[in-house]
Novice: 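My questions will all concern the structure given below.
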Amino acid sequence: MASSQIFLFSLITLLLLLLPSLSAAPLAVKAVYWFPDSGLPLKSINPTFFSHMFYAFAGLNTSTNQLTISKSNQDDFSQFTKILREKNPSIETIISIGGGGANASSFAAMASTNSSRKAFIDSSIELARTNNFSGWDLDWEYPKSQSDMNNLGSLLSEWRSALVSGNQSLILTAAVYYKSTVDSLNYPIKSMASNLDWINVMAYDFYAPAWSPPETQPHAALYDPTGQISGSIGVANWTAAGMPATKIALGMPFYGYNWVLLNPSNHGYLAPTNSSGGGAMTYSAIKEFIEQYEATTVFNSTVVENYCYSGTTWITYDDVQSITAKVSYAKQQGLLGYFAWHVGADDSNFTLSKTAWQT
Ligand SMILES: *[C@@H]1O[C@H](CO)[C@@H](O)[C@H](O)[C@H]1NC(C)=O
Ligand SMILES: *[C@@H]1O[C@H](CO)[C@@H](O)[C@H](O)[C@H]1NC(C)=O
Ligand SMILES: *[C@@H]1O[C@H](CO)[C@@H](O)[C@H](O)[C@H]1NC(C)=O
Ligand SMILES: *[C@@H]1O[C@H](CO)[C@@H](O)[C@H](O)[C@H]1NC(C)=O
Ligand SMILES: *[C@@H]1O[C@H](CO)[C@@H](O)[C@H](O)[C@H]1NC(C)=O
Ligand SMILES: *[C@@H]1O[C@H](CO)[C@@H](O)[C@H](O)[C@H]1NC(C)=O
Ligand SMILES: *[C@@H]1O[C@H](CO)[C@@H](O)[C@H](O)[C@H]1NC(C)=O
Ligand SMILES: *[C@@H]1O[C@H](CO)[C@@H](O)[C@H](O)[C@H]1NC(C)=O
Ligand SMILES: *[C@@H]1O[C@H](CO)[C@@H](O)[C@H](O)[C@H]1NC(C)=O
């Protein structure tokens with residue numbers, strides 16, 4: 001090759017190498033939740049695959065409206081930041097408040113008056129400061145009336161003001177329903193968009209044996225050809241309602257649901273199931289199941305979800321392919337990033353955590 005040809009060849013090679021990185025900026029938020037009883041001890045977490053880690057959960061004292069950490073979790077809570085930073089000095093830690101098991105009415109009561117909101121905000125700042133956390137994640141599942149929604153808006157705005165006046169560069173997030181409306185109630189988008197750093201869109205649990213018709217369905221599909229329920233429908237709904245894409249983290253499950261098939265040879269989507277069986281399963285347990293029972297595994301790229309089956313057991317879950325496709329989607333859509341529930345459900349090699357980080 002003449003030197004000009006070599007030059008051209010090198011230039012093209014260089015451009016091809018650069019193309020993927022030019023097409024989408026790296027994601028700023030690669031987050032995950034952890035909770036003390038998850039089966040993964042604090043010291044065994046590999047935090048190198050994450051930018052942010054949520055401690056789940058702080059609770060609410062209904063008489064004082066202050067944050068509480070149960071006595072048995074005090075040690076994990078107070079050492080959370082220190083231990084994670086030993087392996088990842090730049091990780092940011094966030095106190096997640098509430099969760100699916102918390103009493104939603106106690107959040108409604110706390111958010112309903114100026115003085116109870118103030119008690120809550122003051123205690124949240126105190127708790128984060130004394131334990132070296134970088135911020136909070138409000139996981140109120142869910143406001144039940146339009147006044148709850150409006151009070152949530154006031155809470156976020158007063159919370160942010162308290163941070164600004166304290167000159168803190170602290171992080172304020174909320175874990176939210178996959179859409180901008182819950183049971184026809186509108187989230188206070190204006191307040192959320194201006195006061196939150198981002199929202200964690202819970203794009204999973206769409207179908208499960210405990211609350212869905214008795215037929216197999218993907219529980220965390222990214223796409224739904226029938227247009228009913230999926231992560232991308234939720235993200236589009238949030239952005240159409242006014243939440244900037246740059247303030248959205250897409251939720252991904254490190255767990256699945258097993259269903260009991262009525263007929264083992266009918267194992268696609270919408271196959272009839274026994275409504276009295278099944279439940280949630282960690283990715284780690286699903287991998288063991290696949291190995292032990294030599295289960296057949298399927299990746300459906302139309303909906304972006306994996307499933308596997310053996311005998312009458314059928315499991316919907318996220319594996320390497322669906323996690324990769326979801327992170328790519330987040331990049332293409334210009335989202336802020338992703339989060340996963342929860343790191344203790346990943347396998348012992350942190351396969352899903354690593355896959356997401358490297359995508
Ligand atoms: C709530 O706060 C009150 C008053 O400080 C205290 O007596 C009570 O033990 C707390 N409850 C819980 C569950 O922490
Ligand atoms: C939930 O919180 C509300 C409001 O504080 C309280 O009245 C109710 O007793 C609580 N329910 C449970 C099951 O703790
Ligand atoms: C309470 O109300 C006052 C007056 O409306 C307001 O200035 C303040 O920001 C509100 N919130 C808190 C948490 O104090
Ligand atoms: C918080 O971080 C500071 C500075 O790194 C350290 O001196 C202090 O011991 C930490 N406190 C806790 C509770 O971890
Ligand atoms: C906030 O703190 C930083 C660093 O301590 C300082 O440079 C800045 O001037 C402060 N800003 C305000 C508005 O107080
Ligand atoms: C979001 O979805 C809800 C429920 O389907 C719908 O009522 C609402 O209009 C949607 N919002 C936007 C902005 O598309
Ligand atoms: C569903 O499971 C229950 C409990 O194992 C069993 O009693 C029942 O016969 C099953 N129903 C069908 C239709 O297989
Ligand atoms: C993937 O899922 C879609 C939507 O349910 C379905 O139409 C399609 O047949 C599935 N593809 C495979 C290969 O299972
Ligand atoms: C973890 O990785 C090692 C080495 O690649 C492999 O032998 C082992 O089976 C993996 N464990 C799991 C749970 O995937």
Side-chain angles (χ1 to χ4, degrees), residues 32 38-41 44-49 178 203-234 236 252-326 328-329 340 342-358:
V32 79
S38 63
L40 178 69
S44 307
I45 300 174
N46 182 341
T48 57
F49 303 125
Y178 87 103
Y204 40 69
D205 293 346
F206 298 149
Y207 298 94
W211 57 79
S212 302
E215 54 191 21
T216 58
Q217 290 268 24
H219 93 92
L222 181 58
Y223 301 109
D224 178 359
T226 71
Q228 289 174 49
I229 187 165
S230 74
S232 63
I233 289 173
M252 310 190 296
F254 285 178
Y255 65 95
Y257 288 99
N258 69 79
W259 297 74
V260 181
L261 296 172
L262 288 188
N263 176 358
S265 57
N266 188 357
H267 44 60
Y269 288 133
L270 304 177
T273 60
N274 187 332
S275 55
S276 69
M281 242 174 132
T282 63
Y283 176 68
S284 170
I286 294 166
K287 291 290 281 189
E288 277 168 28
F289 172 85
I290 292 168
E291 199 177 320
Q292 187 177 347
Y293 294 94
E294 294 175 349
T296 306
T297 58
V298 178
F299 170 59
N300 186 311
S301 60
T302 309
V303 301
V304 180
E305 185 80 323
N306 294 76
Y307 65 88
C308 68
Y309 55 90
S310 173
T312 56
T313 302
W314 187 96
I315 309 170
T316 166
Y317 67 108
D318 277 35
D319 209 327
V320 168
Q321 299 97 324
S322 33
I323 294 292
T324 304
K326 287 177 182 183
S328 301
Y329 163 88
H342 59 100
V343 67
D346 203 350
D347 70 13
S348 53
N349 290 333
F350 294 90
T351 300
L352 298 183
S353 305
K354 195 192 288 175
T355 297
W357 176 260
Q358 288 172 347

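Indexing begins at 1, ligand by ligand and atom by atom, following the structure's order.
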Novice: Backbone N or O of V320 within a donor-acceptor pair of the T324 side chain at under 3.5 Å?
Specialist: yes

Novice: Looking at V260, is its backbone amide N or carbonyl O close enough to the side chain of N274 to form a donor-acceptor pair, meaning the two atoms are under 3.5 Å apart?
Specialist: no

Novice: Pairs of nitrogen or oxygen atoms closer than 3.5 Å, one from N349 and one from ligand 9: do any exist?
Specialist: yes

Novice: Are the aromatic ring centres of Y307 and H267 under 6.0 angstrom apart?
Specialist: no

Novice: For ligand 9, which atoms, with element, lie under 4.0 Å from some heavy atom of D347?
Specialist: 14 (O)

Novice: Under a heavy-atom criterion of less than 4.0 Å, does S276 contact ligand 7?
Specialist: yes

Novice: Could you tell me which residues satisfy side-chain contact (heavy atoms from CB on, under 4.5 Å) with A220, sequence neighbours excluded, listed by chain and number?
Specialist: Y204, P253, E305, D318, K326

Novice: For S348, counting its heavy atoms only, list the atoms of ligand 9 lying under 4.0 Å from any of them.
Specialist: 13 (C)

Novice: Any chance the side chains of N349 and T351 put a donor and an acceptor closer than 3.5 Å?
Specialist: no

Novice: Please check: side-chain N/O of N306 versus main-chain N/O of D319, any donor-acceptor pairing under 3.5 Å?
Specialist: yes

Novice: Do any N or O atoms from the side chain of T273 and from the backbone of P214 form a donor-acceptor pair under 3.5 angstrom?
Specialist: yes

Novice: Are any protein N/O atoms closer than 3.5 Å to the N/O atoms of ligand 8? If there are, list each pair with names and the distance to one decimal place.
Specialist:
{"from": "ligand 8", "atom 1": "2 (O)", "to": "N300", "atom 2": "OD1", "distance (Å)": "3.3"}
{"from": "ligand 8", "atom 1": "2 (O)", "to": "N300", "atom 2": "ND2", "distance (Å)": "2.3"}
{"from": "ligand 8", "atom 1": "11 (N)", "to": "N300", "atom 2": "ND2", "distance (Å)": "2.9"}
{"from": "ligand 8", "atom 1": "14 (O)", "to": "N300", "atom 2": "ND2", "distance (Å)": "3.4"}

Novice: State, yes or no, whether a side-chain contact exists between N266 and L261 at a heavy-atom distance under 4.5 Å.
Specialist: no

